[in-house]
There are 2 protein chains.
Amino acid sequence: MSQLDTVNRILDAAEVLFAERGFTETSLRTITSTAGVNLAAVNYHFGSKKELIQAVFERFLTPFTANLDKELTRRQAQLEQSPEEQLQVDDLLQSLYRVALAGLAKEGRDPKRFMGLLGLAYTQSQGHLRRFIVSRYGASYRRFAGQLANALPQVDPVTFYWRLYFMLGATIFSLSSFDAIEAILREDFGAESSLEETLARLAPAAAAMLTAPVPKES
Amino acid sequence: MSQLDTVNRILDAAEVLFAERGFTETSLRTITSTAGVNLAAVNYHFGSKKELIQAVFERFLTPFTANLDKELTRRQAQLEQSPEEQLQVDDLLQSLYRVALAGLAKEGRDPKRFMGLLGLAYTQSQGHLRRFIVSRYGASYRRFAGQLANALPQVDPVTFYWRLYFMLGATIFSLSSFDAIEAILREDFGAESSLEETLARLAPAAAAMLTAPVPKES
DNA sequence: GTCTATACCCGGATAGAC
DNA sequence: GTCTATCCGGGTATAGAC
């Protein structure tokens, strides 16, 4: 078996098992036996379980942020051509969601699994994953936040950043539990929801939150 | 040492350590040595680590939902006296946030630590904890959701429930990371934020999200 | 350079002595 | 009710086979 095979077999098994059970609930022994490789292969190729977790995220986040950056560049160029045009926060969010996730799907990477892993990343990591993501992909995040802030000149910076975190929370929590929430709504109302439809619900809701009038200090 | 002391010493130590490090990162040996009790005491008094986790949440959630229920009852009675009055989603959310958290603080239980633990509960994909919370406190949650839905007759049920999850995500995510976000904003803008001020920002933002016009199906 | 077997040590759980 | 001893599963390091 070539090195590339072993590495990818481990990543494939780890990605699915982590998304299904969480990080600590998934043992290296389960991963390696699922992948059909030796236990020590994880330590040899990745160094530690933490670094394996980071590698799983890297395989999602690198194409994801590449697509995001491409879309941000396209919008920035468009804006410079016609600067008088009204910025549509709703439209900005929805096209970003769509482009970034569609890009993942095109490469055969399951967007729902990605969102599930992202949900885990925000709490189940005792910091190492957060630090890895921020140091590796922080520039794209800040660029996205900057464009969004520019589209909301009437909102003061502190309020904007709190609302940005509110939006991130709404996005990550609801999309990371997409399958569970969808199942509940399907049972209660017989209404099926696709990921695309949910993003089409989320974008205007998040936009309404961001653009809400800022209450005076009381 | 009396049984009550042992149980409470374990709960006190576990609550602080869980909030600081997460569930799996906190060993029973650390908890018991911090509490000054024997390792086997946890298994004897609680049965397992999972049940200890549930007991920590129970100590927060029982007074929390009691306060929530009291406020919901007060509002319902008020509504029956003057049914013509316009329902204010913003005001509803803020008074609920305030009442439930203030009630915790009055009993000497730290609301920020509670929010941090709640964040862990929703993301560390501990199925047992989710099931425990739903079975134990689901009735209060459904009552809260019902009052909120009544205040939003113009929003169809499926959109309402998605938005409810968006709101829960925004609330739990941002409040569970309150200290971290607050530190970033304080450094970048020199603006300190209290938990109360943040709730005063969150309530109108969440209300704007819930009350946003529902886009037509495309 | 890759892979495997194995030997740690830590953490949760439990049986049985007291 | 409390403590000691022990078991078993999990992450990691390493020696050595290929």
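On a predicted model such as this, the values are computed, not experimentally measured, just so you know. Below, chains carry the letters A, B, ... as their sequence lines are ordered, and counting in each starts from 1.
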**OP:** Can you tell me the distance, in whole Å, between the CG atom of B/Leu39 and the C1' atom of D/dC7?
**Re:** 13 Å
**OP:** Could you tell me whether B/Arg59 and B/Glu15 make a salt bridge, using a distance below 4.0 angstrom between a side-chain N and a carboxylate O?
**Re:** yes
Original post:
C/dT2, D/dT2, D/dG11: which one has an atom nearest the side-chain heavy atoms of B/Thr6?
Top reply: D/dT2
**OP:** Could you please name the option among C/dC3, D/dG11, D/dA13 that lies closest to any side-chain atom of A/His45?
**Re:** C/dC3
Original post:
Just how far, in rounded Å, is P of D/dG9 from CD1 of A/Ile31?
Top reply: 18 Å
**OP:** May I ask you to verify if any side-chain N or O of A/Tyr44 is less than 4.0 angstrom from the OP1 or OP2 atom of C/dC3?
**Re:** no
Original post:
So what does A/Thr32 hit on the nucleic acid, given a heavy-atom distance under 4.0 Å: a base, only sugar-phosphate, or nothing?
Top reply: nothing
Subject >> Ring-ring centroid check B/Phe189 A/Tyr161, cutoff 6.0 Å >> reply: yes
Original post:
Does A/Arg29 make a side-chain donor-acceptor contact with the base of D/dG9, cut-off 3.5 Å?
Top reply: no
Original post:
Parallel, tilted or perpendicular for A/Trp162 and B/Phe178, by the 30°/60° rule?
Top reply: parallel
Original post:
If you look at every strand shown and take non-hydrogen atoms under 4.0 Å, does B/Thr30 touch a base, only sugar-phosphate, or nothing?
Top reply: nothing
**OP:** Please state how far atom CD1 in A/Ile10 lies from atom P in D/dG11, giving the value in whole angstrom units.
**Re:** 14 Å
Subject >> Gap between atoms CG and P, on A/Asn38 and D/dG10 respectively (whole Å) >> reply: 16 Å
Original post:
Is the phosphate of C/dT14, meaning OP1 or OP2, less than 4.0 Å from a side-chain N or O of B/Asn43?
Top reply: yes
**OP:** Quickly, which of A/Val155, A/Thr211, A/Leu168, A/Leu152 forms a side-chain contact (heavy atoms from CB on, under 4.5 Å) with A/Arg163? Name it, please.
**Re:** A/Val155
Original post:
Between A/Lys49 (NZ) and D/dA13 (P), how many Å, whole number?
Top reply: 14 Å
Original post:
Can you tell me how far C1' of C/dG11 sits from CD of A/Glu25, to the nearest Å?
Top reply: 14 Å
**OP:** Would you indicate which nucleotide in C/dG12, D/dG10, D/dT14 comes nearest to any side-chain atom of B/Ser27?
**Re:** C/dG12
Original post:
B/Phe23 CZ to C/dG11 P: how many Å, rounded?
Top reply: 18 Å
**OP:** Measure from NZ on B/Lys50 to C1' on C/dG11 and round the result to the nearest Å.
**Re:** 15 Å
Original post:
Nearest to the side chain of B/Ser48 - C/dA13, C/dT6, C/dT4?
Top reply: C/dA13
Original post:
Can you check ring-ring contact (aromatic ring centres under 6.0 Å, His included) on A/Phe166 and B/Phe173, steps first, answer last?
Top reply: CA-CA 7 Å; A/Phe166 298 159; B/Phe173 174 87; 9.5 Å; no
Original post:
A/Leu28 side chain: which of D/dT14, C/dC3, D/dT12 is closest?
Top reply: D/dT12
